[in-house]
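Some notes on the structure that comes next.
For reference, positions follow the sequence shown, starting with 1. The structure displayed is predicted, hence computed values, not measured ones. Computation of the quantities below employed the complete heavy-atom set of this structure, encompassing side-chain atoms and omitting hydrogens, waters and symmetry-equivalent molecules.
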Amino acid sequence: MATITKTQLRQRVAEELKVYSPDQELSADAAARIDTSIDDARALLTEERLCWWGTNAIPQHCAIPLTWIVAAYACTKFGKAAQGYEAGEERGKNRLTKLKTPADVTTVNPDYF
């Protein structure tokens, strides 16, 4: 299965938010803001059991929905709120739900006291 890295996801999100183009370098500040949103989105998706991949091995087929979700969280950091990016969260989660297979579901072992 083909995968993308966190760096590639960062570039996709920056392009989605129109704060980066391939002919220029993303500033360290912008990269850090997007990375924070990637980490926060991953934590939330893991909690909701919608993240089943490693931090630097994102399945290719999950790249677009994850880009939408991270852009929804990062848009306010770039002054792009209320421009439609927020809708990407729900759209992305719906797509991830459809992509998730039973093999991707992890079981939770309860702790008994």
Side-chain angles (χ1 to χ4, degrees):
M1 168 188 343
T3 61
I4 67 166
T5 65
K6 182 178 179 179
T7 301
Q8 290 170 312
L9 177 63
R10 178 193 317 134
Q11 291 172 327
R12 287 170 179 249
V13 171
E15 289 173 6
E16 179 79 12
L17 293 173
K18 298 173 184 71
V19 295
Y20 167 81
S21 66
D23 61 337
Q24 66 185 28
E25 189 172 327
L26 189 62
S27 73
D29 178 56
R33 287 188 273 171
I34 293 172
D35 282 348
T36 299
S37 294
I38 290 171
D39 295 340
D40 292 347
R42 180 177 166 68
L44 287 169
L45 292 172
T46 299
E47 185 69 26
E48 295 175 5
R49 299 178 62 163
L50 289 174
C51 178
W52 60 90
W53 53 83
T55 55
N56 212 27
I58 302 159
Q60 182 76 40
H61 64 279
C62 297
I64 291 173
L66 190 55
T67 299
W68 293 337
I69 293 167
V70 175
Y73 295 135
C75 68
T76 58
K77 296 175 183 176
F78 293 96
K80 303 227 176 218
Q83 293 183 19
Y85 295 108
E86 294 88 345
E89 178 182 11
E90 194 62 34
R91 184 176 56 186
K93 285 181 180 180
N94 287 338
R95 179 59 64 187
L96 286 178
T97 300
K98 292 176 183 176
L99 293 173
K100 191 173 182 180
T101 66
D104 297 324
V105 177
T106 57
T107 57
V108 177
N109 295 324
D111 292 328
Y112 294 101
F113 297 96

Under a 4.5 Å cut-off applied to non-hydrogen side-chain atoms, are Glu89 and Trp68 in contact?
no
Using 0.5 Å steps for rounding, measure from the CD1 atom of Ile38 to the CZ atom of Arg33.
13.5 Å
Decide yes or no for Ile58 and Thr5: does some side-chain heavy atom of the first lie under 4.5 Å from some side-chain heavy atom of the second?
no
Closest contact, heavy atoms only, Ala72 versus Gly88:
CB-C, 4.3 Å
If we only count heavy atoms from C-beta on, is the Leu17 to Cys75 side-chain gap below 4.5 Å?
yes
Approximate separation, where rounding is to 0.5 Å, of Thr3 OG1 and Leu9 CG:
12.0 Å
Give the intermediate values and the outcome of side-chain contact (heavy atoms from CB on, under 4.5 Å) for residues Thr36 and Lys77.
CA-CA 10 Å; Thr36 299; Lys77 296 175 183 176; 3.6 Å; yes
Compare all side-chain heavy atoms of Arg10 with those of Thr7 and state whether any distance is below 4.5 angstrom.
yes
What pair of heavy atoms forms the shortest contact from Ile34 to Ala14, and how long is it?
CD1-CB, 3.7 Å
From Leu66 CG over to Lys93 NZ, what is the distance, rounded to the nearest 0.5 angstrom?
11.5 Å
Shortest non-hydrogen contact from Ala63 toward Thr67
O-OG1, 2.7 Å
Does one side chain, of Lys6 or Thr55, offer a donor that lies under 3.5 Å from an acceptor on the other?
no
What closest approach, in Å, do Leu99 and Pro65 show between heavy atoms, and which atom pair accounts for it?
CD1-CG, 4.1 Å
Within-4.5 Å side-chain heavy-atom neighbours: Ile4 and Arg12
yes
Distance col, row Lys18:NZ vs Gln83:CD, nearest 0.5 angstrom, shows 8.5 Å
To the nearest 0.5 Å, tell me how far Arg42 CZ sits from Glu47 CD.
13.0 Å
Any non-hydrogen side-chain atom of Ile69 less than 4.5 Å from a side-chain atom of Leu96?
yes
In the structure I gave you, are the side-chain heavy atoms of Tyr85 and Thr76 within less than 4.5 Å of one another anywhere?
no
Can you tell me if Ile64 has over 12 outside heavy atoms packed within less than 6.0 Å of its CD1?
no
State, yes or no, whether a side-chain contact exists between Trp52 and Cys62 at a heavy-atom distance under 4.5 Å.
yes
